[in-house]
Amino acid sequence: MVSKPRGTRDFDVAEMEKRRFIQKQMETIFKRFAYKEIATPTLEHLELFEIKSGENIIDELYSFKDKGGRDIALRPELTAPVMRFYVEKLQMETKPLKFYYFGNCFRYDRPQEGRYREFWQMGCELIGSCSPGAIAELIALAYHAIKKTGLINIRLRIGNLNLLEKQIRKAIPSSSLSDFSPALHTDIFRLIDKNDIESMEQLLKKYKSSPKQIALFKEFLQSNNIDDITNYFKDSTEAQTDIEDFKKMLDSLELFGVPTRDVIEMNIARGLDYYTGTVFEIEAPQLGAEKQLCGGGSYTLVPLLGGTEIPTAGFAIGFDRVMMTLERENYEFPFSSELIYVMSLDRDLDREVIKMASQLRYSGFMVDFDLMNRAISRSLKYANKIGAKKTIILGKNEWDQDKVVIKDMQSGEQQEVKKEELEAFLV
RNA sequence: GCCCGGAUAGUGUAGUGGCAACAUAUGGGACUGUGGAUCCUCUGUCUCGGGUUCGAAUCCCGGUCCGGGCCCCA
């Protein structure tokens, strides 16, 4: 027997119904925010992801040489492909560009709960503005889209990499700052992201950070309100713009209907190196280790791909995790079946069954009938099994009077209806 | 990539060295101008490869897949 590759999944009928429903819920919100759908290929040149994805993602790439000897990778995420698309084709479009996408992504990683080698991301990219209002709208979009799925227990966290970086620099003596710069993104950010405070301290010490500076920085990482943060930068003129923007963004966020109480967290860093400025995450606390549902922020990727510099921001939602969380919250997926089943009581009328099923299908109804020559009771049993809402029964007695029987499968009630009035009865 | 635990019919399980089984589902049938019930019945299973043994679903080694954790990330 051939089985599916490790870390991939088959989705049965019930699962697909749920997934499509949730996908549509989120797309509804994207559309209301005037985002439009785009799609990019599943395959990209390996180079696209090598350019600036961060070495950890490179390690996990599914890549291979194609028959023409090209280095090809299955996309591990969708931001870089969308930016590649923009640079290649869309740079002259009217700004801002608001795109959403839904697609499968691949990472060669150890599968475990909430993590697969093929997984689905749904996300948005905003090209043309990173104003505080634009970022606020983007965060609001992510928040409302996830809320729209029916999830109850989610947590929004917002940080700012510019302020974080400025504060790190303040923690290092100016004499060793130039030595330190290369380690900033790769090492310190990563340790902060991992919440590995001890290693972070070691690293700061290595660059001659004083105990006092370290203590101050650790306090900064814990700060969660805008006034405290403003205080840290009161004698730094260059940070004032960042502070002001951050405040404006939070204010707008309230206007977009997103509660901003306790959302600030200065210890949010990012695995992907191209993020700058505001970053945010939405997590489902009940999920444990793999609890992050959404990550996003502003980033600089276009110039690296050869395009003209332009503000860009976006987010990606881990679709599979949203589904997992909904299941965990015992979310009741709406079940609606409009299926109509057609059957006959006399074999003579079998041809009429096909004609009627076809007619109803032309009219737009979802219609099924027996393909296995079932006996009458079996046929009704089957109609029940497949969830038919109504069964149309063709019997000789009624047929001779141009009538059919409609049976409501829930109540069991049935009534005779004239053939020409049938469709009106089914609506 | 590392550590730990699993894998018996489509699904859920029992069997722990001696005939591979139960429930349920699927297909067929009984009933026959009416379904969710009942009864009968066919089909279908030890994750794969090696080893130990007279004999392996059972013990040992390895692979594959699944689950949990680490790393990392969505």
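Worth saying up front: this structure is predicted, and the values here are computed from it rather than measured. Convention: sequence-line order gives letters A, B, ...; per-chain numbering from 1. What you see below is based on every heavy atom in this structure, not just the backbone, and it leaves out hydrogens, waters and symmetry mates.
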Open item on the list: Counting the atoms with a prime plus P, OP1 and OP2 as sugar-phosphate, which does A:Asp346 contact under 4.0 Å by heavy atoms, base, sugar-phosphate, or nothing?
Closed with: nothing

Task: Polar contact flag, side-chain donor to acceptor under 3.5 angstrom, A:Thr8-A:Glu118 - done: no

Open item on the list: Please give the distance between the C1' atoms of B:U13 and B:C46 as a whole number of Å.
Closed with: 13 Å

- [ ] Using atom CZ of A:Phe369 as one end and atom P of B:G35 as the other, report the distance to the nearest whole Å.
- [x] 22 Å

Task: Donor on one side chain, acceptor on other, A:Thr149 and A:Gln25, under 3.5 Å - done: no

Task: Base of B:G29 paired with side chain of A:Arg378 (donor-acceptor, under 3.5 Å) - done: yes

- [ ] Using a 4.0 Å heavy-atom cut-off across all strands, classify A:Asp320 as base, sugar-phosphate, or nothing.
- [x] nothing

- [ ] Please work out whether B:U16 sits syn or anti, treating a glycosidic angle within 90° of 0 as syn.
- [x] syn

- [ ] For the pair A:Glu17 and A:Lys24, find out whether any cationic side-chain nitrogen is under 4.0 Å from an anionic carboxylate oxygen.
- [x] no

Task: Length of the CG-P vector between A:Leu380 and B:U34, whole Å - done: 10 Å

Task: Sugar-phosphate only, base, or nothing, as touched by A:Phe319 at under 4.0 Å among non-hydrogen atoms - done: nothing

TODO: Grab the NZ-P distance between A:Lys381 and B:G29 for me, whole Å please.
DONE: 12 Å

Task: Any donor-acceptor N/O pair, A:Gln222 side chain to A:Glu219 backbone, under 3.5 Å - done: no

TODO: Consider the side chain of A:Arg110, meaning its heavy atoms from C-beta on, and name the nucleotide among B:C72, B:G36, B:G1 that approaches it most closely.
DONE: B:G1

Open item on the list: Strictly below 4.0 Å: does A:Arg6 bring a side-chain N or O up to OP1 or OP2 of B:C66?
Closed with: yes

TODO: Under 4.0 Å between any heavy atoms, over every strand shown, what does A:Gly114 touch: base, sugar-phosphate, or nothing? Just pick one.
DONE: base

TODO: Just say parallel, tilted or perpendicular for the rings of A:Phe33 and A:His144, cut-offs at 30° and 60°.
DONE: tilted

Task: Electrostatic pair A:Asp348:A:Lys396 at N-O distance under 4.0 angstrom - done: yes

Task: Atom P, compared across B:G55 and B:G50: separation rounded to whole Å - done: 15 Å

TODO: Using the C1' atom on both, measure B:C59 against B:C54 and round to a whole Å.
DONE: 16 Å

TODO: Return yes if some donor-acceptor pair links the side-chain N/O of A:Arg117 with the main-chain N/O of A:Tyr62 below 3.5 Å, else return no.
DONE: no

TODO: Give the rounded distance in Å between these two atoms: CD of A:Gln112 and C1' of B:C65.
DONE: 15 Å

- [ ] Let me know the distance between CD1 of A:Ile192 and P of B:C73, rounded to the nearest Å.
- [x] 13 Å

Task: A:Ser379 and A:Tyr341: side chain donor to acceptor below 3.5 Å - done: yes

Task: For B:G1, the Watson-Crick or wobble counterpart (both distances under 3.5 Å) - done: B:C70

- [ ] Find the distance A:Met324:CE to B:G68:P and express it as a whole number of Å.
- [x] 8 Å

- [ ] Please report, rounded to the nearest Å, how far the C1' atom of B:G68 is from the OH atom of A:Tyr116.
- [x] 13 Å

Open item on the list: Heavy atoms only, 4.0 Å cut-off, all strands: where does A:Glu113 land among base, sugar-phosphate and nothing?
Closed with: sugar-phosphate

Task: Residue mapping more 5' on RNA chain B - nearest nucleotide basis, A:Gly295 or A:Glu413 - done: A:Glu413

- [ ] Pick the P atom in B:G6 and in B:A25, then give their distance to the nearest Å.
- [x] 32 Å

Task: Stacking of A:Phe119 on B:A74 base (centres under 5.5 Å, planes under 30°) - done: yes

- [ ] Could you tell me whether the phosphate oxygens of B:G27, OP1 or OP2, come under 4.0 Å of any side-chain nitrogen or oxygen in A:Arg374?
- [x] yes

Open item on the list: Given B:G33, B:G28, B:G35, identify the nucleotide with an atom nearest to the side chain of A:Met372.
Closed with: B:G28

Open item on the list: Can you measure A:Arg9 atom CZ to B:A74 atom P for me and round it to whole angstrom units?
Closed with: 16 Å

Task: Watson-Crick/G-U partner (both atom distances under 3.5 Å) of B:C19 - done: none

Task: Gap in Å between the two C1' atoms, one belonging to B:U26 and one to B:A9, rounded - done: 11 Å

Task: Nearest to side-chain heavy atoms of A:Lys385, which nucleotide of B:U32, B:U26, B:U34 - done: B:U26

Task: Which nucleotide in B:U34, B:A74, B:G28 has an atom nearest any side-chain atom of A:Ile393 - done: B:U34

Open item on the list: Please classify the nucleic acid contact of A:Met409 as base, sugar-phosphate, or nothing, using heavy-atom distances under 4.0 Å.
Closed with: base

- [ ] Provide the distance between the two C1' atoms, one in B:C65 and one in B:U34, to the nearest whole Å.
- [x] 47 Å

TODO: Determine the Euclidean distance between corresponding P atoms of B:G62 and B:C22; express it in Å to zero decimal places.
DONE: 36 Å

Task: Polar pair under 3.5 Å, donor/acceptor by atom type, side chain A:Glu398, base B:G33 - done: yes

Open item on the list: Please report the distance separating the P of B:U11 from the corresponding atom of B:C3, rounded so that it comes out in whole Å.
Closed with: 30 Å

